[in-house]
Amino acid sequence: MPILNAFYAQSGGVTSVINASACGVIETARRHPDRIGKLYAGRNGIIGALTEELIDTGAESAEAIAALRSTPSGAFGSCRYKLKSLEKNRREYERLIEVFKAHGIGYFFYNGGGDSADTCFKVSQLSQSMGYALQAIHVPKTIDNDLPLTDCCPGFGSVAKYVAVSTIEASFDVRSMAATSTKVFVLEVMGRHAGWIAAAGGLAADQGIPVVVLFPEIEFDKARFIARVDELVKQHGYCSVVVSEGCHHPDGTFLAEQGTRDAFGHAQLGGAAPVVAQMVKEALGHKFHWAVADYLQRAARHIASATDVKQAYELGQRAVELALEGRNAVMPTIERTSDVPYAYRIGSAPLESVANVEKPMPRDFISDDGYGITEKCRRYLLPLIEGEDYPAYSGGLPVYVTLQNMAVPKKLPAFEIA
């Protein structure tokens, strides 16, 4: 078998464990020098491939690569850049193949969510039509947990842990102040169309906390919501609300819609928490506080789930193994085999069945009234937030690695991104 080079890139919003997947990819590739020569990373994701800004991961020490496992965010830079369809912008796909040819790249590992799976699939199809041998493997990543055909997505377990812990801790604060001050706390979490992250806030109920969860899967009913908050405050003296950014009115309008769109064409969201808090203030007169978890929820490596870190690494590792087995246009997956004790195996799924498909929360994961989680959801969530995988600390702060990210000399003419 010929020795071919490999290309790895990170895409979309980063997570606290995406670098663990990168670590799995790189360390596994290094164990197969007879099959994989150099492993290049794209500077700022797929843009790095288009502009031929490649990073030589071989310049990094084994210790630095190992440290990626406990370092948050994207070590090589990520991007929100969606390649258009082959029909609309074939030149970009052909440019990718040109760069891969110029650098002897036969393996393509793309670490991202649904849009990235679509790009990975299209690149695999185009390479075949152009007669260029390229194995494209998608490495799953998304805190939204909405990729199909996998039990969970790397990044989600750690965000779920952060949200559950934050909801509990903030609720303890509100409980202590409720008699004379704040009675309602609202936490806004990410989740455009799927309420997986918001569901994690429902775990606070395990500690007796009165919590209302607002899911994208359930149309927002203002009157019912206000009545539920009123009921809980009268019963407990306070309550907490966890609202997904994708919570929407019956007409489909997001509570948090800003009227702008991101690079993927999605509505730009942010601001559901103050909207909901103001509703409570106007209807019930309660003092409130609100917070938006925003980047904090996906960057919180200090409280990452040990399960999540382990799975992120294993899926990066398996991606390389799938490529070496001759597989193409596939994604390694998590297949749960047991809730208690928790057990799973690593499988795979064809990209044509993954790309552009979103997995919402099952209705039977949401309580009948639409404001909490069921026991079935609880059994699903708890193993994913299990265990702690703390980074090393020095001087009271976590120690994270910053790579050299040495550039590879360019071989092609400059390329302008449309």
Side-chain angles (χ1 to χ4, degrees), residues 159-192 195-251 253-259 267-300 303 366-367 369-373:
V159 167
K161 189 180 186 78
Y162 177 89
V163 168
V165 170
S166 296
T167 302
I168 292 169
E169 292 179 339
S171 297
F172 270 57
D173 189 305
V174 174
R175 185 175 66 186
S176 68
M177 302 298 295
T180 59
S181 184
T182 303
K183 294 186 183 298
V184 178
F185 173 70
V186 182
L187 176 64
E188 178 180 335
V189 301
M190 291 178 175
R192 180 178 304 276
W196 296 101
I197 298 175
L203 292 171
D206 288 1
Q207 298 201 21
I209 292 168
V211 59
V212 176
V213 183
L214 300 178
F215 300 95
E217 290 84 355
I218 304 295
E219 292 182 349
F220 181 72
D221 184 320
K222 181 178 178 181
R224 286 187 63 246
F225 166 67
I226 292 299
R228 181 59 175 154
V229 172
D230 188 34
E231 175 188 8
L232 290 176
V233 172
K234 286 177 178 177
Q235 183 179 354
H236 299 275
Y238 75 103
C239 86
S240 290
V241 178
V242 179
V243 55
S244 170
E245 64 179 358
C247 187
H248 59 85
H249 298 287
D251 66 359
T253 304
F254 293 111
L255 271 65
E257 191 157 349
Q258 300 175 353
Q268 194 80 41
L269 304 181
V275 169
V276 168
Q278 190 60 35
M279 286 181 187
V280 172
K281 175 68 174 178
E282 292 175 354
L284 303 176
H286 297 317
K287 291 182 179 180
F288 64 81
H289 275 277
W290 59 265
V292 181
D294 201 52
Y295 277 18
L296 299 179
Q297 64 199 305
R298 73 186 200 196
I303 196 173
I366 303 173
S367 60
D369 66 4
Y371 293 134
I373 61 174

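The residues of the chain are indexed from 1 along the displayed sequence.
Nearest heavy atoms, Ala291 versus Ala273: O-CB, 3.9 Å. Contact record, Leu255 with Ala272: CB-CB, 4.5 Å, taken as the closest heavy-atom pair. In terms of heavy-atom proximity, Val184 sits nearest to Val186 at CG1-CG2, 4.1 Å. Across all their heavy atoms, Gly370 and Ile218 have their closest contact at O-CG1, 4.2 Å. The two residues Val163 and Gly201 come nearest to each other via the heavy atoms CG1-N, 3.8 Å. For the pair Gly202 and Ile373, the tightest heavy-atom approach, listed with the atom from each and the gap, is C-CD1, 3.9 Å.
Without hydrogens or angle criteria, Glu245 side chain to Val189 main chain gives no donor-acceptor distance under 3.5 Å. Formation of a donor-acceptor pair under 3.5 Å by the Ser244 side chain with backbone atoms of Ala198 is not found in this model. Glu282 places no side-chain N or O within 3.5 Å of a backbone atom of Met279 that could act as its donor or acceptor partner. Side chain of Glu188 to main chain of Gly271: a donor-acceptor pair is present (N/O by atom type, distance under 3.5 Å, no hydrogens or angles).
Using a 4.5 Å cut-off on side-chain heavy atoms (C-beta onward), Val165 and Ile303 make contact.
The environment of NE2 in His289 is sparse: at most 12 heavy-atom neighbours from other residues, nucleotides or ligands sit within 6.0 Å.
Below 30°, between 30° and 60°, or above 60°: for His249 and Phe220 the angle between ring planes is above 60°, a perpendicular geometry.
Every residue meeting the side-chain contact (heavy atoms from CB on, under 4.5 Å) condition with Arg228, not counting sequence neighbours, appears here in chain and number order: Val212, Glu231, Leu232, Asp369, Tyr371. Remark: Lys183 engages no residue in a side-chain hydrogen bond (donor to acceptor under 3.5 Å, both in side chains) (not counting sequence neighbours).
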For this session: Could you walk me through whether Ile209 and Phe172 pass side chain to side chain contact (heavy atoms under 4.5 Å, CB included), step by step?
Result: CA-CA 8 Å; Ile209 292 168; Phe172 270 57; 4.0 Å; yes

Exercise. So Val280 and Phe288, side chain to side chain contact (heavy atoms under 4.5 Å, CB included) or not? Walk me through it.
Worked result: CA-CA 8 Å; Val280 172; Phe288 64 81; 5.7 Å; no

For this session: Let me see the working for Phe185 and Asp173 under side chain to side chain contact (heavy atoms under 4.5 Å, CB included), right down to the final yes or no.
Result: CA-CA 9 Å; Phe185 173 70; Asp173 189 305; over 6 Å; no

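Remark: Asp230 CG to Phe225 CZ distance equals 11.0 Å, nearest 0.5 Å. For the atom pair CD1 (Ile168) and CZ (Arg175), the distance works out to 11.0 Å, reported to the nearest 0.5 Å. Interatomic distance, His286 NE2 to Cys239 SG, rounded to the nearest 0.5 Å: 8.0 Å. Between Ser176 atom OG and Tyr238 atom OH the span is 9.5 Å, to the nearest 0.5 Å.
Pairs engaging residues 196-224 under the salt bridge (Lys or Arg N to Asp or Glu O under 4.0 Å) rule: Asp206-Arg378 [sequence neighbours left out].
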